[in-house]
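Written out below as structure tokens is the structure these notes cover.
We use all heavy atoms of the structure for the numbers below, so side chains are in, but hydrogens, waters and symmetry mates are not. All values reported here derive from a predicted model rather than from experimental measurement. Index from 1, following the sequence.
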Amino acid sequence: MLGPVILAASRSDKMRRFVSAAPGTKQVVARFIAGETVEQVVPIVKDAAAKGLEVTLDVVGEDITTPEQATAARDAYLELIQHLADLGLGTKAEMSVKLSMFGQALEGGHELAIANVRPVVEAAAAIGTTVTLDAEDHTTLDSMFAIHEELRKDFPQTGCVIQAYLFRTEDDARRLSEAGSRVRIVKGAYKEPTSVAYQDKAEIDKAFVRILKILMEGDGYPMIGSHDPRLIAITQDLAHRAGRKLDEYEFQMLYGIRSDEHLRLAAEGHRMRVYTAYGTDWYGYFMRRLAEKPANLLFFLRSMITKG
């Protein structure tokens, strides 16, 4: 299976240098990354809003090695929020953040991440939007959930992400499916050991449905992160059975993938949010997109051959 191999490569500096220098990389990266600067991504938010879509914005970058880099990541989000406020787009865009960008893995990282992410959550709330804490590898999750719980004391709309391939997630979903919670469910895109995660796609899909049922039957607000047509149909069925209205859950899909489906779901009255990443430190995010779907890797390889 290519997926685990690509995920391993996402942590390799040697592969980072090779992929960055490959002739076809820029073309393929542009498919998944909306731009490098906030000025480049804001027009995309405006275009999405005009089409009846919402977005969640991710400033890419995870390899933080100093507190100064973590502070810079905080400031990048604050700059983004200010741009959205100036253009009156606050209610059309939320932010997705990886706590690793805010220093979570550094010495004293839990407290450092809280100190850096809180101003972002405060600024987002001030313009009428919110922040969702992205899930990363399983070793970071207890810290992420603790920070999520702390932030929700003052900002109850703060969301978080759970990953279907982890054995722990059904219990996490039960705990999180309370009134007022916002929970995004995804399959998972990190290389995880067999001791903590399902490895087989069919088992992951079954877990996704079990967890989705917990969320739909709970009192929170589920956010379904999937491009899988079968899981989208199952979501609609479970929502109907749970008596949920169209504005009581939402679909989320990645920028650059199944764009026609984004518009179709929005036209049907669903809330449809496009996960839109931008920034210069794109490598880790890009490699996980390749790992998720073999067609993405084939597209990349063809581009390399064509441009070489």
Side-chain angles (χ1 to χ4, degrees), residues 4-22 25-26 29 32-38 40-41 56-82 95-124 131-148 150-151 158 160-161 163 166 186 188-193 196-197 275-292:
V5 175
I6 300 171
L7 289 174
S10 72
R11 298 291 187 182
S12 167
D13 287 336
K14 183 177 181 180
M15 282 301 299
R16 177 191 294 267
R17 290 191 296 271
F18 172 77
V19 171
S20 298
T25 296
K26 186 174 182 180
V29 169
F32 304 112
I33 303 293
E36 292 191 348
T37 68
V38 66
Q40 290 172 326
V41 81
T56 184
L57 294 165
D58 174 11
V59 184
V60 291
E62 302 159 41
D63 297 322
I64 298 299
T65 58
T66 68
E68 291 75 19
Q69 290 175 323
T71 300
R74 177 203 66 192
D75 291 346
Y77 273 97
L78 293 176
E79 179 189 12
L80 167 62
I81 292 168
Q82 186 60 55
M95 266 54 68
S96 286
V97 304
K98 291 179 173 60
L99 292 175
S100 59
M101 279 190 69
F102 291 87
Q104 186 187 45
L106 303 180
E107 184 177 353
H110 184 83
E111 291 74 20
L112 181 61
I114 292 177
N116 280 324
V117 77
R118 182 176 286 276
V120 175
V121 175
E122 291 175 348
V131 169
T132 295
L133 306 183
D134 275 340
E136 302 183 67
D137 74 78
H138 77 280
T139 63
T140 69
L141 295 185
D142 286 340
S143 173
M144 185 274 281
F145 286 131
I147 291 173
H148 175 246
E150 181 67 23
L151 290 171
T158 305
C160 69
V161 177
Q163 301 169 103
L166 295 175
V186 299
Y190 291 83
K191 180 176 171 57
E192 297 285 14
V196 302
Y275 190 106
T276 305
Y278 75 98
T280 57
D281 190 11
W282 48 263
Y283 178 75
Y285 179 89
F286 172 70
M287 292 298 282
R288 285 195 298 279
R289 301 294 76 79
L290 294 185
E292 285 172 348

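Residue H148 holds its NE2 atom at 12.5 Å from CG of L141, rounded to the nearest 0.5 Å. In this structure, CD1 on I147 lies 9.0 Å from CE on M144, to the nearest 0.5 angstrom. Atoms CZ and CE, on R74 and M101 in that order, are 12.0 Å from each other to the nearest 0.5 Å. Residue L106 holds its CG atom at 7.5 Å from OG1 of T65, rounded to the nearest 0.5 Å.
With T140 contributing its side chain and D137 its backbone, the two residues share a donor-acceptor pair below 3.5 Å. Using modelled atom types, one side-chain atom of E136 and one backbone atom of L99 make a donor-acceptor pair closer than 3.5 Å. For Y77 (side chain) and V59 (main-chain N/O), a donor-acceptor pair under 3.5 Å exists by modelled atom type.
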Going by atom type alone, with no hydrogens or angles, which donor-acceptor pairs under 3.5 Å involve a side-chain atom of residues 111-121 and a protein atom two or more places apart or on another chain?
residue: N116; atom: ND2; partner: F102; partner atom: O; Å: 3.1
residue: N116; atom: ND2; partner: L112; partner atom: O; Å: 3.4
residue: R118; atom: NH1; partner: D154; partner atom: OD2; Å: 3.1

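By the side chain to side chain contact (heavy atoms under 4.5 Å, CB included) test, A124 is found to be paired with I81, M95, T129, V131, residues two or more places apart in sequence or in another chain being considered. Not counting sequence neighbours, E79 has no partner by the side-chain hydrogen bond (donor to acceptor under 3.5 Å, both in side chains) test. Annotation: side-chain hydrogen bond (donor to acceptor under 3.5 Å, both in side chains) contacts of Q163 (sequence neighbours excluded): none. Contacts of S96 classified as side-chain hydrogen bond (donor to acceptor under 3.5 Å, both in side chains), with partners at least two apart in sequence or in another chain: T56, R184. Judged as a ring-ring contact (aromatic ring centres under 6.0 Å, His included), and not counting sequence neighbours, Y278 has no contacts.
The nearest pair of heavy atoms linking G103 to A70 is N-CB, 3.7 Å. The nearest pair of heavy atoms linking Y275 to D134 is OH-OD2, 2.6 Å. For Q40 against E36, the heavy-atom pair with the smallest separation is OE1-N, 2.6 Å. When all heavy atoms of L166 and H138 are compared, the pair lying nearest together is CD2-CB, 4.2 Å. The two residues V41 and A34 make their nearest non-hydrogen contact at CG2-CB, 3.9 Å. Here the closest non-hydrogen pair linking F145 and C160 is CE2-SG, 4.1 Å.
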- [ ] Apply side chain to side chain contact (heavy atoms under 4.5 Å, CB included) to the pair E68 and T71, showing each step before the final yes or no.
- [x] CA-CA 5 Å; E68 291 75 19; T71 300; 5.6 Å; no

Task: Test side chain to side chain contact (heavy atoms under 4.5 Å, CB included) applied to D58 and K98, step by step - done: CA-CA 8 Å; D58 174 11; K98 291 179 173 60; 3.3 Å; yes

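Counting heavy atoms from C-beta outward, T132 and T158 have side chains that stay 4.5 Å or more apart.
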